[in-house]
Each structure stands twice: as C-alpha cells, then as structure tokens.
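The first residue of the sequence shown is numbered 1, and numbering continues consecutively from there. Below, each value reflects all heavy atoms present in this structure, side chains not excepted, and no hydrogens, waters or symmetry copies.
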Amino acid sequence: MKSTSILLTILLIISLPTMAQYKTAIFNYERAYFDDGQPLPAENRFIISGETGANIDIVELKIYHSANTAKAPFYQNTWERRDTSPVNTFTLPVNQPLRGNGEYTFVLNYYTKISGEQQQQLLSQMDAALGAYLDQSFRVERSSIDMQHPRTMRTDLNAIAQQGLSFYRNRINYSFAGFSDLVYQKLEQLGELKLRKARFNIFAKNDENTKSVQLRYAQEQIAALKIMVSKEVAQFAGVQLYALTDSKKVSDYATEKTKNALAINVGYGGVYYTGSFDNFSYDTAPYAGISIPFGKAPFASPFWARTSISTGVFMQNMKFGTGRVATGPLVQRPFFLALGYRALPFIRLNAGATVLQDKQTSSTNPDINLDKLYIRPFVGLSMELNLWLNLNR
C-alpha cells in the first residue's frame, strides 16, 4: 500500500508540468489590459479569461502583429456560450505562442443573439442597398442594356454585402464569401441582351408598342437578377445571427522578456582528404563553433527547430600523410560550414565542408589565395551549449 502511494506521488509530480502548461491572463475590460498591466506569457500557450455580460453569447479574439488591424489577424479564436458555461465569464485559449520581447494588438469582439424580426429587418436593408445599386447601374438603351463590366459589378455587389454583414456572425463561423458564378453569368447575360428580340416575347401584349415591350422585358430580366442576389444573401442570413454589440482594442501590448541564446558547439570531427572507401586518407581534430537554428521550438516544427547551420574552426591543423599538413586561411586553422541536427538534448550531428590550404603556402602568404584553397567533406559529433545573452537591457 505504501509503495502504491509513493508511485502515485511520483506520477503526480511528473504530470504537474503538463497540468500547468497553460497560464491564465485575466482581461480587465474597464482598463483594457491583462493581469493588472503585466506582460503576457511568451513562447508558451496560455488562456485569456475575463468578465462578460449575461446577454453576450460569443466573444471573438483576434491577435495582430501591429496596431494596424486592417489586415487579417495572425491568430483568432472564439468562445461561445453553452448551457454549462459560467454566467459572467469567458475563457479563450491562445494556442499560438507569442514571441518574447514583442508587442501585439488584441481585439475582443462581443456578440449578442438577434431576434427573427431583427434578421428579417437586416435582410430587407440588404435587399434595399443591393437593389438601389443595381437600379442605378443599368440604363436601358434602344436595343440593349448599358452597364459596367460584369466583373466590376460583382465586385461592387460583394463589397456592399460584406460591409452590410460585417457586424454579424453565426456559430458555425460561416462568412459571406461573395456572390456565385450564377450571378456573374446573369450579369453577362444582361450585358449581351438584345432588346430587339423582346417583341417576340410570348407575354407581349398586342396593344403594346415596341418601346414598351423592350422596357418591360429589360425590367423583368433585372428583377430576376435582384431575386438571385437576394436569395444568396438570405442563405447566409437565414441561420441564427449574432450582432456585434461591443469591441475592445488593446494596442501594442508587451509580452514577457525572453533571453537570447547563442548556441556554442564543441566537438570532434573527421575530415576526408583523398582515397577510396577501402584506403583513404583523413584526419581528426577537435573543433568549436556556433549554430544558428532554422526555427525556434515554439514557432517551428520539431525537425526545423533541431536543424541548424553551423560554422567554426578546428583547434589544430590536419595531417594527411607524411609532410602534408593542411591549415586554413586567415586564422591559420581549418574552418568549416555544416548542417547540424540535434539528435539528443545536448548532442548534435554535423556534416558539411572544410576549407583548407597547405601549411607551406599559408606560412609564406597568410592572406586568402583562392587558387590555393581546397574543400573537403567532414562529419562531426558535438556537444551544444546555449550561451545566454541579455541584449534587451
């Protein structure tokens, strides 16, 4: 029984880091800041929690890299009220870690459910706005309909609809994507319409003159377009909608300061000189250098976070047989450039190229002479240590 208790205690201690993985930042609505003005967590996922009224059904969070919120946010998430939700509290996970020593802009939008009557009023307003645009966009000529290019008109219609619906959203997060190709084809049809054929319309009255028939025919085609446009808007507004009732913007809010690290590699490597697999010439020596990763762990995949480009110098010259000593330019030691991969927490595998020149050449002329340089492959195994740099103070 005692051993079981000890085992449970050990498992609890091991699981604590996982349980405490998410920090919570409390949003103060009145003062528009987090945790009494403290910086937000950096390079870790966290949760934003705050107060909300009982009439608020959706809270939408958007995060931007700068105070310019005209562009799309780089991260957004939504809290939706459920039957089991606390009455006056929302909770929003931020699953995209923020960079340290940075500033971000946060926008919190609060939405309230609207009634069926309000939705019908919205549809009526949209129909009126889109219909007014179409009415002023067409001019019935003697034998055709004068109008702008269909592509321009669809762009204008999309802008009107998206602007009118921009303060509304639904639970499935479906937004109005624009009018369909059917509307575009109808616009093209109107642009190519020949009103001369209107007199052959089977619905034409015997006592109507040609001009009246043409006008009525054009009006019927425009009315058909209006119906198509209205139905496509109604597809979006036909589900339960929520209206934007409040919005809070927190500009240029700071994250925690994080340390900058320079990865130092100290290891041992071998340089190939010449020969076949069965009989080749090589030498080994210790080396030291720095590594620059292709990505940082919270913001890149594990593979790219562990992969880096490394450069450095060997601590001693290479000896490739009798009288063949290879050194390097400038520093009088061979230097290398390689790709590295951190296979274990502190162990890195390196493979790349070494820049060499013969020692007798370098002793008389220490400057770089491209004609005397040659490159040979090398592989190495190194221990990687992070040198912390406090560059922000």
Side-chain angles (χ1 to χ4, degrees), residues 68-72 109 111-112 114-170 172-245 247:
N68 180 16
T69 57
K71 298 181 180 179
N109 295 322
Y111 291 84
T112 301
I114 65 174
S115 65
E117 182 180 349
Q118 290 172 317
Q119 287 193 209
Q120 288 301 319
Q121 184 179 3
L122 171 63
L123 283 174
S124 298
Q125 292 172 348
M126 293 299 304
D127 287 345
L130 294 167
Y133 170 79
L134 291 174
D135 286 338
Q136 60 89 29
S137 298
F138 295 108
R139 186 170 68 252
V140 180
E141 301 289 351
R142 188 170 184 178
S143 60
S144 63
I145 297 178
D146 183 40
M147 56 181 283
Q148 299 182 69
H149 193 282
R151 187 179 297 109
T152 301
M153 291 190 65
R154 182 164 71 167
T155 300
D156 292 343
L157 289 169
N158 287 340
I160 294 171
Q162 289 166 356
Q163 177 63 30
L165 299 171
S166 61
F167 296 104
Y168 300 87
R169 58 162 297 156
N170 49 53
I172 61 176
N173 201 25
Y174 166 73
S175 59
F176 183 73
F179 291 101
S180 68
D181 289 340
L182 292 175
V183 170
Y184 183 77
Q185 291 168 7
K186 186 62 177 179
L187 288 168
E188 285 187 320
Q189 179 186 350
L190 286 171
E192 298 170 356
L193 196 64
K194 303 301 182 184
L195 296 181
R196 294 190 188 93
K197 299 179 180 179
R199 64 178 182 272
F200 302 112
N201 192 317
I202 60 173
F203 299 105
K205 300 176 182 178
N206 294 328
D207 57 345
E208 280 186 304
N209 58 42
T210 301
K211 187 175 181 180
S212 298
V213 173
Q214 290 177 342
L215 179 61
R216 185 163 63 86
Y217 183 58
Q219 290 173 341
E220 289 174 353
Q221 297 302 311
I222 295 172
L225 171 64
K226 289 182 179 180
I227 293 173
M228 292 179 64
V229 167
S230 177
K231 286 184 176 180
E232 293 198 4
V233 173
Q235 288 177 355
F236 169 81
V239 299
Q240 177 62 60
L241 292 183
Y242 298 79
L244 179 66
T245 57
S247 182

Check whether any side-chain heavy atom of V239 lies under 4.5 Å from a side-chain heavy atom of Y174, and answer yes or no. no
When rounded to the nearest 0.5 angstrom, what is the spacing between CG in L187 and OG in S137? 9.0 Å
Here the pair of heavy atoms bringing F176 nearest to L165 is CB-CD1, 3.8 Å
If you measure from NZ on K226 to CD on Q219, what distance do you get to the nearest 0.5 Å? 9.0 Å
Measure the shortest side-chain to side-chain distance between Q121 and E117 over non-hydrogen atoms and say whether it is less than 4.5 angstrom. no
Would you confirm whether Q119, through its side chain, and L241, through its main-chain N or O, come within 3.5 Å as a donor-acceptor pair? yes
In this structure, which one of T155, L130, V229 forms a side-chain contact (heavy atoms from CB on, under 4.5 Å) with I160? L130
Atom pair CE/CG of M153 and L134 - distance to nearest 0.5 Å: 5.5 Å
Partner residues of T245 under the side chain to side chain donor-acceptor pair (under 3.5 Å) criterion, sequence neighbours left out: T112
If I take atom CG from residue L225 and atom CD1 from residue I222, how far apart are they, to the nearest 0.5 angstrom? 8.0 Å
I'd like to know if the side chain of Q148 reaches the main chain of F138, judged simply by a donor and an acceptor atom lying under 3.5 Å from each other, with no hydrogens or angles considered. no
Y184 backbone acceptor or donor facing R151 side chain under 3.5 Å: no
Could you pull out all residues at least two apart from L123 that satisfy side-chain contact (heavy atoms from CB on, under 4.5 Å)? Q120, V233, A234, A237
Tell me whether Q136 at atom CD has more than 12 heavy atoms from other residues, nucleotides or ligands lying less than 6.0 Å away. yes
How long is the span from the CG atom in L122 to the CZ atom in F167, to the nearest 0.5 Å? 12.0 Å
Closest non-hydrogen atoms of Y168 and A243, given as atom of the first, atom of the second and distance, are CE2-CB, 3.7 Å
For I227, is there any backbone N or O sitting under 3.5 Å from a side-chain donor or acceptor partner on S230? no
CZ on R154 to CD on E188, rounded to 0.5 Å: 9.0 Å
